[in-house]
Amino acid sequence: MQYRKDKYGKELSILGYGCMRFSRKGLGIDLEKAEQEVMYAIEHGVNYLDTAYIYPGSEVAVGEILERNHCRDRVYIATKLPQYLIKSRKSLDKYFNEQLERLKTDHIDYYLMHMLTDIAAWEKLKALGIEEWIAQKKEEGKIINLGFSYHGNSEMFLKILEDYHWDFCQIQYNYLDEHSQAGRKGLMAAAEKNIPVIIMEPLRGGKLVGLMPDSGKKLIAGHKKGWSAAEWAFRWLYNQPQVTCVLSGMNSLDMVEENIRIASQCQVGEFSEDDFDFIEKVKTEINQKTKVGCTGCGYCMPCPKGIDIPTAFKCYNQMYTENKKSGRGEYLQITALQKDMADLGACIECGKCESHCPQHLPIRKHIKEARKALMPFHYRIAIKVVRKFKFW
């Protein structure tokens, strides 16, 4: 494992464990499987674990795993204040104390204001006394480093970056998002201020790996370097010294092993001009096929009408990155064959999903388009028949 230093000289593993996508079992997290994967990562040098208040069961799982294995002192915990839920100074303590209890710890190493999208959200917190609250928690040793995670444009990112003495920040960044959201402009601005940058969505919710169009997969499979799609994406990031740590939502031991190998072998500046040209060719293949830029993060959920929005968009994209039959077939399975699943036709256009989407997607518009593509007349008939006779 390789390490890069934070603002104060602490060494962070360049691979961080993103704990949002733990495998699930029934209604909860498959704790035994998650424990095996997290502990393998820790034993092989991963020391940064990222979770959040709103990731279902994640903080509790992380706390349980670290307590069981007596290894709290071997890792840095990063978690996030749900700033969008904060209505008063009192609620700051309520959520923070609950997080300490869930994580079975007396301090948070890297604490983030979750999902800031513009300066207004930060100013609202300041009006509630967040700066004084942070200073108190730091003095008490309960918060070590203070940062923010960001989804918005680069200009607004720069405003937030300049408004406080941040210890670190977290941005969505990958070769498909090089010039969107905070982008390279935000990355370089943070680096110039000596603010460590944690990377989320390095694989764009699967769009740079399994959800990549077949044409892109063929390009990668035919390259002489023999790197996997994930390896190209991670090495593109690690090639940049301004990147401190890259989070990966690992949920299989194979994934953990591959990512650790890459993080142990990569080098800053190893990309050649030919490598950058190759990435551009892959981007072209991805962009010409993808219909919706959904990362599958799930922030749009739950839908009041029970629609599984990320999965529906995954199937919609699959129709064009693989083939129509494949996307429609999978969508049929996740709607008609599940007792409590609503199809896209149940959308009432309330807009709740759009208000929480980090990508700022016009979800209601895409739902209409996806429904038309995924549910032609004969599929709608099939869904009605399956649900009438309760084939699930």
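Proximity of the aromatic rings of Y110 and F168 is defined here by a centroid distance below 6.0 angstrom, and this criterion is met. Between F278 and W236, the distance separating the two ring centers is not shorter than 6.0 angstrom. Side-chain rings of Y84 and H114 approach one another, their centers coming within less than 6.0 Å. Two rings, from F96 and Y111, have their centers less than 6.0 Å apart. Annotation: F276 is in aromatic contact with F271 [ring centroid separation under 6.0 Å]. Aromatic ring centroids of F148 and F157 lie under 6.0 Å apart.
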Only pairs under 3.5 Å count here: list side-chain donor-acceptor contacts from residues 122-130, not counting sequence neighbours, and write none if there are none.
unit_1	atom_1	unit_2	atom_2	d
W122	NE1	D163	OD2	2.9
K124	NZ	Q83	O	3.2
K124	NZ	I86	O	3.3
K126	NZ	D163	OD2	2.7

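In this structure, the side chain of N317 engages the main chain of V292 through a donor-acceptor pair within 3.5 Å. Between the side chain of N97 and the backbone N or O of L100, no donor-acceptor pair lies under 3.5 Å. Side chain of S252 to backbone of M255: a donor-acceptor contact under 3.5 angstrom is found. A donor-acceptor pair under 3.5 Å is formed between the side chain of R102 and the backbone N or O of Y53. S264 places a side-chain N or O within 3.5 Å of a backbone atom of M1 that can act as its donor or acceptor partner. Using a distance-only test at 3.5 Å, with no hydrogens or angles considered, a donor-acceptor pair links the side chain of S355 to the main chain of K352. The main-chain N or O of C294 is found under 3.5 Å from a side-chain atom of K207 such that the two form a donor-acceptor pair. Here the side chain of S23 pairs a donor or acceptor atom with the backbone of N251 at under 3.5 angstrom. Side-chain atoms of S58 come within 3.5 Å of backbone atoms of C19 as a donor-acceptor pair (strictly under, hydrogens ignored).
In summary, the side chains of S154 and Q181 do not present any donor paired with an acceptor at a separation below 3.5 Å, with no hydrogens or angles considered. Checked by atom type, the side-chain pair E35/N69 shows a donor-acceptor distance below 3.5 Å. Using modelled atom types and a 3.5 Å distance limit, the side chains of Q2 and Q265 yield no donor-acceptor pair. If you check the side chains of E285 and S215, you find a donor sitting under 3.5 Å from an acceptor. Judged purely by distance below 3.5 Å, without hydrogens or angles, the side chains of N47 and S13 pair a donor atom with an acceptor atom. Looking at R72 and H107, their side chains do bring a donor and an acceptor atom within 3.5 Å of each other. With 3.5 Å as the limit, one finds a donor-acceptor pair spanning the side chains of Q359 and Q172. Between the side chains of E132 and Q136, no donor N or O sits under 3.5 Å from an acceptor N or O.
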ask   = How far apart are the C-alpha atoms of R261 and E257, what are their side-chain angles, what is the distance that settles it, and do they pass the salt bridge (charged side-chain N to carboxylate O under 4.0 Å, His left out) test?
value = CA-CA 6 Å; R261 175 186 62 77; E257 290 172 348; over 6 Å; no
inquiry  = Test side-chain hydrogen bond (donor to acceptor under 3.5 Å, both in side chains) on Q240 and Y173; report intermediate values, then the result.
reply    = CA-CA 12 Å; Q240 303 168 66; Y173 187 61; 2.8 Å; yes
request  = Test side-chain hydrogen bond (donor to acceptor under 3.5 Å, both in side chains) on E59 and T79 and set out the steps.
outcome  = CA-CA 8 Å; E59 288 182 327; T79 193; 2.6 Å; yes
Verdict with supporting geometry, K365 and E349, salt bridge (charged side-chain N to carboxylate O under 4.0 Å, His left out) = CA-CA 9 Å; K365 173 177 174 288; E349 299 190 50; over 6 Å; no
query = Between K80 and D50, does a salt bridge (charged side-chain N to carboxylate O under 4.0 Å, His left out) hold up when you go through it step by step?
reply = CA-CA 9 Å; K80 309 174 187 78; D50 173 87; 2.9 Å; yes
request  = Would you please test E270 and N239 for side-chain hydrogen bond (donor to acceptor under 3.5 Å, both in side chains) and show each step?
outcome  = CA-CA 6 Å; E270 69 178 351; N239 187 68; over 6 Å; no
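Qualifying side chain to side chain contact (heavy atoms under 4.5 Å, CB included) partners for P56, counting only residues two or more places apart in sequence or in other chains: R24. Considering only residues two or more places apart in sequence or on other chains, K225 meets the side chain to side chain contact (heavy atoms under 4.5 Å, CB included) condition with H223, W227, W232, D275. Legend: residues meeting side chain to side chain donor-acceptor pair (under 3.5 Å) with E280, ordered by chain and number and at least two apart, are K283. Residues meeting the ring pair (Phe, Tyr, Trp, His ring centres under 6.0 Å) test with Y3, sequence neighbours left out: none. Applying the side chain to side chain contact (heavy atoms under 4.5 Å, CB included) criterion to M20, with sequence neighbours excluded, gives Y55, C297.
L15 has its side chain within reach of S248: a pair of non-hydrogen atoms, C-beta onward, lies under 4.5 Å apart.
With D167 as reference, N145 is the one residue of I195, I144, N145 to meet the side-chain contact (heavy atoms from CB on, under 4.5 Å) rule. No option in T311, D308, D343 other than D343 meets the side-chain contact (heavy atoms from CB on, under 4.5 Å) test with Y331.
Summarising the local packing, CD of E140 is surrounded by more than 12 heavy atoms from other residues, nucleotides or ligands at distances under 6.0 Å. Within 6.0 Å of NZ on K368 lie no more than 12 heavy atoms contributed by other residues, nucleotides or ligands. Within 6.0 Å of NE2 in H165 there are 12 or fewer heavy atoms belonging to other residues, nucleotides or ligands. Within 6.0 Å of CD in E101 there are 12 or fewer heavy atoms belonging to other residues, nucleotides or ligands.
Taking the centre and axis of the six-membered ring of Y320, the NZ or CZ atom of K291 falls inside the cone set by 45° and 6.0 Å.
Contact check on E354 versus R364 returns a salt bridge, with a Lys/Arg side-chain nitrogen under 4.0 Å from an Asp/Glu carboxylate oxygen. Ion pairing between a basic and an acidic side chain is recognised when a charged N comes within 4.0 Å of a carboxylate O; D106 and K142 show no such pairing.
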